[in-house]
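Quick notes on the structure that follows.
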Amino acid sequence: MSNQPILVPVLGDQLTRTLAAIKGRTKDDTVILMMEVWDEATYVKHHKQKIVLIFSAMRHFAAELREAGWTVDYVELTDKDNSGSFTGEVARAIERHEPRAVHITEASEWRVQQAIEEWPDKFACEVEILPDDRFLCSHQEFRDWAEGRKHLTMEHFYREMRKKTGILMTGDGKPKGGDWNYDKDNREPPKDNLDPPPVPKFEPDEITREVIALVSEKFGDHFGDLEPFQWPVNRSEAEQAADAFFAERIEKFGPYQDAMVHGSDDMFHSMLSTSINCGLLDPLELCQRAEQAYEDGTAPLNSVEGFIRQIIGWREYIRGFYWLHMPGLESDNKLNAQRALPEFFWTGETDMRCLADCIRSTKSNAHAHHIQRLMVLGNFCLLAGINPRDVQDWYLAVYADAYDWVELPNVSSMILYADGGNLATKPYAASGNYINKMSDYCKECTYSVSKKTGEGACPFNPLYWHFMDRHRDRLQSNHRIGRIYSNWDRMDEQKRADYLESADAFLDSLTPARKGWARD
Ligand code: FAD
Ligand code: DLZ
Ligand code: SF4
């Protein structure tokens, strides 16, 4: 056997020993390469906590590998010869180690995968790119499923994944409990005194403290609070977070999935996306644990099925959808939305109490829960006609769990309807009523949710009708939306004019974000 090792670059969201490029290898002829690079830290100006999370998790993973006997070549951001890019660092590592081949697990993001696909031409040694089997559904499998379908309905895809994994299935191929989906039981508005148990918070250890100092020095101008930093950064912490979710929160996860309470940043959500996405937790194992909770009688089926659907349904579907539609997804703008993102998305300074609370949570934790991202922040961007590029950059920069493959379809296709309906059958548009029903935000808002137009009216009310009116040509033939236009047409002319005028006045009052928040 040659003494030349195999070089295995491991990216910041591939932090597991079960990774395709690691699991088949032997320790004595492998060099694992991990790289903190300027390009990744700055292609958008990520929230400070997101950079701390990734660098700290990478450093912890390198330590774990070394302890287990692997050879790890770890390039820190401040290493004096750091080239700043993945390709530059692999090139330097090839000079250092003279490997007989480079084995890498495919990147989760299109941008990075494009660069990797140039490596065989750039480098003298053989380069092997392995599929990322942490996802249940391969690119080819998703393409086969999508082939010939008029609409890519998530629910249909989800059922295939249930059958494929056997999760929540009976021995004779039926869904447990008789139904595939229990969403109808999962729309409880918040009640008083809900009191969700606190999510475990993790004190920074020495490694994390060092990274916090680095981020403070190098990325001080990025959005978001640096501290307190409390995310899990290694497998053991991520498992503690998962244990706490299955012991204390999953029971009520389903019913309150869409509920929002001012100041409650996690409700009954798992808060596990940051750990799943960078590789600290295995998504399938989490679904198996959820199913076990149902079998043990510690969580009801509607909660368990809801959680499993988010992971083997939505998460897998979003990833398949991304690879099916890239690179076009980035430039889709079927609704021709051109307005700049308002500055208050970065400062949180708005009288709209719902938005202010979601932005506060985003700023202080690099997190907002799903319904906040979808029905408050997303709904606002849709109704106000914010251009997709600004919205994509914002979501990608501000959330600790954000990577292009998951952020982009959620933003472009789910909230902005920028692909004209390949993902969503209708735009997720709602007036203030929806937010009032599902939250306690409106009670103490400066605006009145019951006021439809004019001074003091909740801006979501006129914006909703402004959106419907300006997209009538495209939307009125949609059978899920058409009847909304009958209501609009029944209103007297003055009322319709008041709605449009109020919305225009509100839109004119928005201050566009200054340049340089997300990208220079
Ligand atoms: P839970 O509510 O506990 O859900 C469990 C898990 O299901 C999550 O951890 C996540 O892995 C998965 N999941 C749920 N919904 C989705 C979804 N729509 N797409 C993919 N996975 C999902 N999630 C990200 O991981 N990264 C993102 O960048 C991201 N951007 C989003 C942008 C918008 C506009 C919207 C509407 C949603 C976005 N989501 C994103 C999905 C979802 O909001 C987060 O996964 C969730 O809030 C994470 O918190 P949690 O772990 O407590 O989730
Ligand atoms: C998000 C991120 C950041 C901020 N920094 C790094 C880094 O320095 N090195 C690294 O390997 N990964 C980083 N990441 C995550 C990557 O962007 C992510 O792994 C790839 O883009 C996946 O395609
Ligand atoms: Fe948001 Fe309108 Fe309710 Fe205020 S009144 S919290 S702006 S929905």
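Counting begins at 1 with the first residue of the sequence. Every number for a ligand or one of its atoms is a count from 1 in the order of the listing. Only this structure's heavy atoms are used, side chains among them; waters, hydrogens and symmetry mates stay out.
Contacts between Asp401 and ligand 1 below 4.0 angstrom, taking non-hydrogen atoms only, involve backbone and side chain alike. Contacts between Met34 and ligand 2 below 4.0 angstrom, taking non-hydrogen atoms only, are absent altogether. Contact annotation for Met414 and ligand 1: only side-chain heavy atoms (C-beta onward) come within less than 4.0 Å of the ligand. If you look at Ala368 next to ligand 1, the close heavy atoms, those under 4.0 Å, all belong to the backbone. Contact annotation for Asn277 and ligand 1: only side-chain heavy atoms (C-beta onward) come within less than 4.0 Å of the ligand.
Residue Trp405 places no heavy atom under 4.0 Å from ligand 2. Under a 4.0 Å heavy-atom criterion, Phe245 is not in contact with ligand 1. For Phe307, the heavy-atom gap to ligand 1 drops under 4.0 angstrom. Taking 4.0 Å as the cut-off, Trp38 does not count as a neighbour of ligand 2 on heavy-atom distance. Arg319 does not count as a contact of ligand 1, since none of its heavy atoms falls under 4.0 Å from the ligand. The shell of residues lying under 4.0 angstrom from ligand 2, judged by heavy atoms, includes Met58.
A salt bridge links Asp243 to Arg289: one of the charged nitrogens lies within less than 4.0 Å of a carboxylate oxygen. Salt-bridge formation is detected for the pair Glu106/Arg319: a Lys NZ or Arg NE/NH1/NH2 atom is positioned less than 4.0 Å from an Asp or Glu carboxylate oxygen. Here Arg309 does not pair with Glu316 in a salt bridge; the nearest charged N to carboxylate O distance is not below 4.0 Å. Electrostatic pairing of Lys363 and Asp225 counts as a salt bridge here, judged by a charged N lying under 4.0 Å from a carboxylate O. Salt bridge absent: Lys252 and Glu188 never bring a charged side-chain N and a carboxylate O closer than 4.0 Å. Here Asp221 pairs with Lys45 in a salt bridge; the nearest charged N to carboxylate O distance falls below 4.0 Å. Taking the charged nitrogens against the carboxylate oxygens, Asp183 and Arg187 do have a contact shorter than 4.0 Å, which makes a salt bridge. By the 4.0 Å N-to-carboxylate-O rule, Arg373 lies close enough to Asp401 to be salt-bridged with it.
Only one option out of Trp110, Phe321, Phe135, Tyr317 pairs with Trp405 in a ring pair (Phe, Tyr, Trp, His ring centres under 6.0 Å); it is Phe135. With respect to His46, the side-chain hydrogen bond (donor to acceptor under 3.5 Å, both in side chains) criterion is satisfied by exactly one of Gln49, Lys50, Lys48: Lys50.
Looking from atom 1 (C) of ligand 2 to the surrounding protein, the closest heavy atom is Ile54 CD1, 3.8 Å. Looking from atom 11 (O) of ligand 2 to the surrounding protein, the closest heavy atom is Gly12 N, 2.9 Å. When hydrogens are left out, the protein atom nearest atom 16 (C) of ligand 2 is Glu40 OE1, 3.4 Å; that is the closest non-hydrogen contact. Regarding atom 11 (O) of ligand 1, its nearest protein heavy-atom neighbour is Arg315 CD, 3.5 Å. Nearest protein heavy-atom contact of atom 8 (C) of ligand 1 is Ser273 CB, 4.1 Å. Looking only at heavy atoms of the protein, atom 21 (O) of ligand 2 is closest to Glu109 OE1, 2.7 Å.
Proximity of the aromatic rings of Tyr417 and Tyr428 is defined here by a centroid distance below 6.0 angstrom, and this criterion is not met. When ring centroids are compared, Phe219 and Trp38 come within the 6.0 Å threshold.
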message: Please determine whether ring-ring contact (aromatic ring centres under 6.0 Å, His included) holds for the pair Phe380 and Phe344, giving the CA-CA distance in whole Å, both sets of side-chain angles, and the decisive distance to 0.1 Å.
response: CA-CA 12 Å; Phe380 180 87; Phe344 73 71; 5.6 Å; yes
- request: Could you please spell out the steps behind the side-chain hydrogen bond (donor to acceptor under 3.5 Å, both in side chains) verdict for Asp332 and Ser412?
  value: CA-CA 7 Å; Asp332 274 344; Ser412 176; 4.8 Å; no
- request: I would like to know whether Phe253 and Phe268 meet ring-ring contact (aromatic ring centres under 6.0 Å, His included); could you show each step before the answer?
  value: CA-CA 5 Å; Phe253 171 86; Phe268 295 95; 9.2 Å; no
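Looking at Tyr74 and Glu36, their side chains do bring a donor and an acceptor atom within 3.5 Å of each other. Side chain to side chain, Tyr447 and Asn461 fail the donor-acceptor criterion of an N or O pair below 3.5 Å.
Inclusion of His46 in the set of residues having an N or O under 3.5 Å from an N or O of ligand 2 is not warranted. Some N or O of Met271 is nearer than 3.5 Å to an N or O of ligand 1, by distance alone. An N or O contact shorter than 3.5 Å links Val37 to ligand 2 by distance. Looking at His369 next to ligand 1, no N or O pair under 3.5 Å apart turns up. In terms of polar-atom proximity, Trp314 is not counted as a contact of ligand 1, lacking any N or O under 3.5 Å from an N or O of the ligand. In terms of N/O distances under 3.5 Å, ligand 2 is approached by Met35. Checking only distances, Ile318 never comes within under 3.5 Å of ligand 1, N or O to N or O.
Counting the atoms of ligand 2 from 1 in the order shown, those under 4.0 Å from a heavy atom of Ser108 are 22 (C), 23 (O). Interface atoms of ligand 2 facing Leu11, defined by a heavy-atom separation under 4.0 Å, are 11 (O), 19 (O). Which parts of ligand 1 touch Ile415 is read off a 4.0 Å heavy-atom cut-off, strictly below it: atoms 34 (C). Each of the atoms 17 (O), 21 (O) of ligand 2 lies under 4.0 Å from some heavy atom of Arg111. Of all atoms in ligand 2, numbered sequentially from 1 with element shown, those under 4.0 Å from a heavy atom of Glu36 are 8 (O). Near His367, meaning under 4.0 Å from one of its heavy atoms, ligand 1 places the atoms 48 (C), 49 (O). The ligand atoms of ligand 1 that sit less than 4.0 angstrom from a heavy atom of Ile311 are 6 (C), 7 (O). Interface of Leu272 with ligand 1, defined as ligand atoms under 4.0 Å from a residue heavy atom, comprises 51 (O). Residue Asp13 has at least one heavy-atom neighbour below 4.0 Å for each of these atoms of ligand 2: 18 (C), 19 (O), 22 (C). Near Ala107, with a cut-off below 4.0 Å to any heavy atom, the atoms of ligand 2 are 23 (O).
Of the possible donor and acceptor atoms, none in the side chain of Ser303 sits under 3.5 Å from a partner among the backbone N and O of Ala299.
For atom 2 (Fe) of ligand 3, protein N/O/S neighbours under 2.8 Å (waters excluded) are Cys458 SG.
Ring-plane geometry between His269 and His369 is classed as parallel, the angle between the planes falling under 30 degrees on a 0 to 90 degree scale with a further cut at 60. The aromatic rings of Tyr399 and Tyr395 sit tilted relative to each other, their planes meeting at an angle between 30° and 60°. Aromatic ring pairs are classed by plane angle as parallel below 30°, tilted from 30° to 60° and perpendicular above 60°; the pair Trp394 and Phe345 is perpendicular. Ring geometry for Trp517 versus Trp346: interplanar angle under 30°, hence parallel rather than tilted (30 to 60°).
Nearest to atom 13 (N) of ligand 1 by heavy atom, out of Glu407, Gln310, Arg373, Met375, is Gln310.
Atom NZ of Lys334 is surrounded by more than 12 heavy atoms from other residues, nucleotides or ligands within 6.0 Å.
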